[in-house]
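Here is the structure we will look at.
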Amino acid sequence: MSRLVRHLLPALALSCALGTVQAATWPSLALPPRSQGAPVGEELRVNGLPTRIQRFQSELSVAELLAHYQRLWGAGQPARARPLSQGDWQGVASLQPPFQLVLQVRPAAQGGSEGLLSVANLGDLQRDYIPRGFPTFADTRIVQVTDSQDSGQHSVLVQQSSRAGFVLNVERWRREWQRQGFQLTQEAQMPAGAGQGRGWTAFFDRPGASVEVSVAELTPGGDVAVTVHQLRRSRP
């Protein structure tokens, strides 16, 4: 998953708890005028929330895009189109039960703007979502899970925070994937620097699947951030 798409994910936290909702037809996400885009994944679930995302490049400015979607989603009811702001990103969110629509956009380096459009089905939220068979540990908290299916590949990206320490996390994740039949194909460890903790990245492989693990001390000797990316390839 690209860095651009990851900027959208916190906006999905705007989703509020809804009761059981009947199955509904997904709304289409029309690109703005003078824009080109492409979908991100065929099936995407972010923290248990079914989501569809498009990235796009536009000749329009950020202000023009914000005004366009405020008109489009507000439809005479401005309260339905809420402004968003996160760093250099600006956006609009619209709650249209059971769906939430979100635009996030920022200036593009080459002129115009770049952005993301998403629609999330709040009525199909799976709370405390953990992918089936994913290793969990009592001293580790799952921060975000992105589960996607695209072009015959199943991708699971899990971001975690651990109190267990750097050395234990390196040992446990190396041991865990080898226990599951993966072969360690490459690893690299980065020493601590000024104000920065140690880091470790490793790649594991077995027929039809691969895993990338990144372990990083947030501060020397402190809590550890763990990112695990699993990729399973469909049989031809």
Side-chain angles (χ1 to χ4, degrees), residues 1-15 21 23-62 64-66 68-73 80-82 84 86-126 129 131 144-159 209-210 212 227 229-236:
M1 171 141 319
S2 70
R3 292 181 181 178
L4 181 65
V5 174
R6 292 181 195 179
H7 279 281
L8 173 70
L9 305 183
L12 300 178
L14 289 171
S15 40
V21 181
T25 302
W26 285 75
S28 62
L29 282 179
L31 288 173
R34 295 159 51 195
S35 303
Q36 295 182 330
V40 179
E42 298 166 356
E43 300 177 27
L44 187 66
R45 189 175 286 270
V46 181
N47 290 342
L49 188 64
T51 305
R52 296 180 181 179
I53 300 175
Q54 286 195 82
R55 67 160 61 91
F56 67 88
Q57 298 278 338
S58 180
E59 298 176 19
L60 300 180
S61 68
V62 170
E64 289 173 320
L65 287 168
L66 294 175
H68 173 77
Y69 282 98
Q70 285 168 342
R71 288 193 303 269
L72 181 65
W73 292 343
R80 292 183 61 187
R82 299 176 48 194
L84 300 174
Q86 181 185 345
D88 60 344
W89 292 85
Q90 298 183 61
V92 177
S94 178
L95 184 60
Q96 301 179 19
F99 297 102
Q100 176 176 266
L101 286 68
V102 176
L103 162 77
Q104 280 194 291
V105 63
R106 66 181 179 184
Q110 69 276 19
S113 56
E114 62 178 354
L116 295 159
L117 281 167
S118 78
V119 56
N121 186 351
L122 307 181
D124 193 20
L125 173 65
Q126 295 182 17
Y129 176 72
Q144 182 167 286
V145 179
T146 305
D147 193 329
S148 64
Q149 188 80 31
D150 186 22
S151 302
Q153 296 189 109
H154 181 204
S155 171
V156 176
L157 179 69
V158 183
Q159 295 167 290
S210 62
E212 177 184 352
T227 301
H229 186 199
Q230 292 178 275
L231 191 64
R232 296 190 184 93
R233 297 173 286 277
S234 300
R235 295 179 179 177

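In this structure, OG in Ser148 is found 7.0 Å from NE2 in His154, a value given to the nearest 0.5 Å. Here Leu101 contributes atom CG and Arg52 contributes atom CZ; the two are 11.5 Å apart, rounded to the nearest 0.5 Å. Leu157 CG to Gln144 CD: the interatomic distance, rounded to the nearest 0.5 Å, is 7.5 Å. Note that CD of Gln104 and CZ of Arg55 are 13.5 Å apart. Values are rounded to the nearest 0.5 Å.
Minimum heavy-atom separation, Thr51 to Trp26: N-CH2, 4.0 Å. When every heavy atom of Phe99 is checked against every heavy atom of Thr25, the shortest pair comes out as CE1-O, 3.3 Å. Considering all non-hydrogen atoms of both residues, Val92 and Trp73 come closest at O-CZ3, 3.5 Å. Residues Leu31 and Gly37 share a closest heavy-atom pair of CD1-N, 3.5 Å. Between Glu114 and Trp89 the shortest heavy-atom distance is O-CZ3, 4.1 Å. When all heavy atoms are compared, the tightest approach of Ser58 to Pro33 is OG-O, 3.8 Å.
The main-chain N or O of Val145 is found under 3.5 Å from a side-chain atom of Asn47 such that the two form a donor-acceptor pair.
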message = For a side chain to side chain contact (heavy atoms under 4.5 Å, CB included) check, start with the C-alpha distance between His68 and Leu60, then their side-chain angles and the critical distance, and finish with the verdict.
response = CA-CA 10 Å; His68 173 77; Leu60 300 180; 5.6 Å; no

task = Decide side chain to side chain contact (heavy atoms under 4.5 Å, CB included) for Ser118 and Gln100; before the verdict, give the C-alpha distance in whole Å, the side-chain angles of both, and the deciding distance to 0.1 Å.
result = CA-CA 8 Å; Ser118 78; Gln100 176 176 266; over 6 Å; no

request  = Starting from the C-alpha separation in whole Å, work towards a yes-or-no answer on side chain to side chain contact (heavy atoms under 4.5 Å, CB included) for Leu66 and Leu103.
outcome  = CA-CA 8 Å; Leu66 294 175; Leu103 162 77; 4.2 Å; yes

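Two residues are said to be in side-chain contact when any heavy atoms from C-beta on lie closer than 4.5 Å; Phe56 and Leu29 fail this criterion.
Legend: residues meeting side-chain contact (heavy atoms from CB on, under 4.5 Å) with Gln110, ordered by chain and number and at least two apart, are Gln57, Ala108. For Pro107, the side-chain contact (heavy atoms from CB on, under 4.5 Å) partners are Val62, not counting sequence neighbours.
When Leu122, Asp124, Asp147, Leu44 are each tested for a side chain to side chain contact (heavy atoms under 4.5 Å, CB included) with Pro50, only one passes: Asp124.
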